[in-house]
There are 2 protein chains.
Amino acid sequence: MMYEKYVDLLKEKSIKITPQRLEILRYLDKNRNHPTAYQIYTDLKENNPSLSKTTVYNSLEILNKYDIINTISITGLETRYDIKNIIHHHFMCKKCGRIIDIDIECPNIRKTLEQGHKIEEVHGYFKGRCRECIEKEIDQYGS
Amino acid sequence: MMYEKYVDLLKEKSIKITPQRLEILRYLDKNRNHPTAYQIYTDLKENNPSLSKTTVYNSLEILNKYDIINTISITGLETRYDIKNIIHHHFMCKKCGRIIDIDIECPNIRKTLEQGHKIEEVHGYFKGRCRECIEKEIDQYGS
DNA sequence: ATACTAAATTGTAATGATTATAATTTAGGT
DNA sequence: ACCTAAATTATAATCATTACAATTTAGTAT
């Protein structure tokens, strides 16, 4: 019941249903903060001490390959992961490091590009300072 | 004469003018194929055997900080570098790995987002199969 | 021109994310 | 209840990047 949703996702793609994959999917579904592989690993390890880091990487790779999750290259340091939902962009705050969803899809990019190359993924991100960090600065130094 | 253009770029930002920085800038200006730090390092080392990898990283960092170059996080593996020119997006071919410039700026993203967060960088990229790889496949298997 | 000083460069070592490998276990079909 | 290919695990290796400490240099002041 609890995992049925994720079982179905894997069944659709005819890839093996394992407890590790289900846990990772559930984790990404509940944690929409674009975690790293390491964050997923350490958090899930609490309830499953035998979990291997390699398994996390392998699972993320196959889930990405079958279009169940997205990878986000934005920090330049590590890959972030995101369960697939409606297309959106990301905003990364250079101060606090947070990656925030931006519910926008870049219009007419797809059409514009259907001229030779085949697009399989669309990624957009911005970098700057998030509202919260800006507000903190104002508090600190006076407006 | 040859390096004047790059000297000016550094002067504008009041950062020190060193032969290493000038060479890196010239390299990025001539090589618009989004090289990695390692590629820059090995290519420039040919004419300057004492060049250090750390210098390349340090220089790229400061050039990026002062908005003279751009960093591109797209492969998830390493950072790519691009001399600053008009805003454009990128297309990465999943087959051959090439990163191609797409001369498009996502319209009205900037305005849409001026609601709290401050945008300092706009990045957009697509992944898929480039025209050349697609054409090769057709050649191979018949159309 | 010369001397000075903070900043840049260099080489080496350390770090941290990710991948490779090989042995063990398991999912899912027979 | 098998069987087998695929998944999981632990460990070691790899690769990009950063930290560090010693040396050199750019650019300013003398």
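Predicted, not measured: the structure shown is a model, and the values here were computed from it.
To the nearest 0.5 Å, atoms CZ (Phe91(B)) and CD (Glu121(A)) are separated by 10.0 Å. Summarising the geometry, atom OG1 belonging to Thr36(B) is positioned 11.5 Å from atom CD1 belonging to Ile72(B); distances are rounded to the nearest 0.5 Å.
Here Ser50(A) reaches the OP1 or OP2 of dT9(D): one of its side-chain N or O atoms lies under 4.0 Å away. Checking the phosphate oxygens (OP1, OP2) of dT8(D), no side-chain nitrogen or oxygen of Ser52(A) falls inside 4.0 Å. Taking only side-chain nitrogens and oxygens, Thr55(A) comes nearer than 4.0 Å to OP1 or OP2 of dT9(D). Under 4.0 angstrom from either OP1 or OP2 of dA16(D) there lies no side-chain N or O belonging to Tyr38(B).
Distance, Leu51(B) CG to dT12(C) P: 14 Å, rounded to whole Å. As a whole-Å value, the separation of Gln39(B) CD from dA16(D) C1' is 13 Å. Per the geometry, CD belonging to Gln20(B) stands 13 Å off C1' belonging to dT23(D), to the nearest Å. Look at CG on Leu60(A): it is 11 Å from P on dT8(D), rounded to the nearest Å. Regarding Asn48(A), its CG atom lies at a distance of 17 Å from the P atom of dA7(D), rounded to whole Å. Residue Tyr66(B) contributes atom OH, which lies 9 Å from atom P of dA8(C) at whole-angstrom precision. Between the CZ atom of Arg80(A) and the C1' atom of dG16(C) there is a distance of 14 Å, given to the nearest Å. Atom-to-atom, CD of Glu78(A) to C1' of dT18(C) comes out at 12 Å; the value is rounded to the nearest Å.
Distances were taken from every side-chain heavy atom of Ala37(A) (C-beta onward) to each of dT18(C), dT10(C), dT21(C); the shortest belongs to dT18(C). Side-chain proximity of Thr79(A) to the nucleotides dT12(C), dT18(C), dT9(D) is greatest for dT18(C). Closest to the Tyr57(A) side chain, of the nucleotides dA16(D), dA17(C), dA7(D), is dA17(C).
Remark: side-chain polar atoms of His117(B) are paired, donor with acceptor, to backbone N or O of Arg131(A) under 3.5 angstrom. Remark: the backbone N or O of Ile99(A) is paired with a side-chain donor or acceptor of His34(A) at under 3.5 angstrom.
Of the candidates Lys94(A), Lys95(A), Lys127(A), Glu120(B) forms a salt bridge (charged side-chain N to carboxylate O under 4.0 Å, His left out) with just one, namely Lys94(A).
Hydrophobic cluster membership differs between Ile15(A) and Tyr57(A), with clusters built from Ile, Leu, Val, Met, Phe, Trp and Tyr side chains linked at under 4.5 angstrom.
Direction change of the helix axis from one end of the helix from dA1(C)-dT30(D) to dT30(C)-dA1(D) to the other is 40°, with five pairs defining each end axis (rounded to 10°).
Ion pairing between Arg32(A) and Asp101(A) fails under the 4.0 Å rule for side-chain N and carboxylate O. Under a 4.0 Å N-O distance rule, the pair Lys13(A)/Asp67(A) does not qualify as a salt bridge.
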Pairs under 3.5 Å (N/O, protein and nucleotides 27-30 of chain C):
unit_1: dA27(C); atom_1: O3'; unit_2: Ile17(A); atom_2: O; d: 3.3
unit_1: dG28(C); atom_1: OP1; unit_2: Ile17(A); atom_2: N; d: 2.7

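Contact detail for Lys53(B) and Tyr41(B): the closest heavy-atom pair is N-CE1, 3.4 Å.
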- Item | Trace of the salt bridge (charged side-chain N to carboxylate O under 4.0 Å, His left out) decision for Arg21(A) with Glu23(A) | CA-CA 5 Å; Arg21(A) 289 174 181 173; Glu23(A) 286 299 341; over 6 Å; no
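No N or O donor and acceptor, one from the side chain of Thr54(A) and one from the base of dT19(C), sit under 3.5 Å apart.
The residue among Pro49(A) and Leu77(B) whose nearest nucleotide of DNA chain D is located toward the 5' end is Pro49(A).
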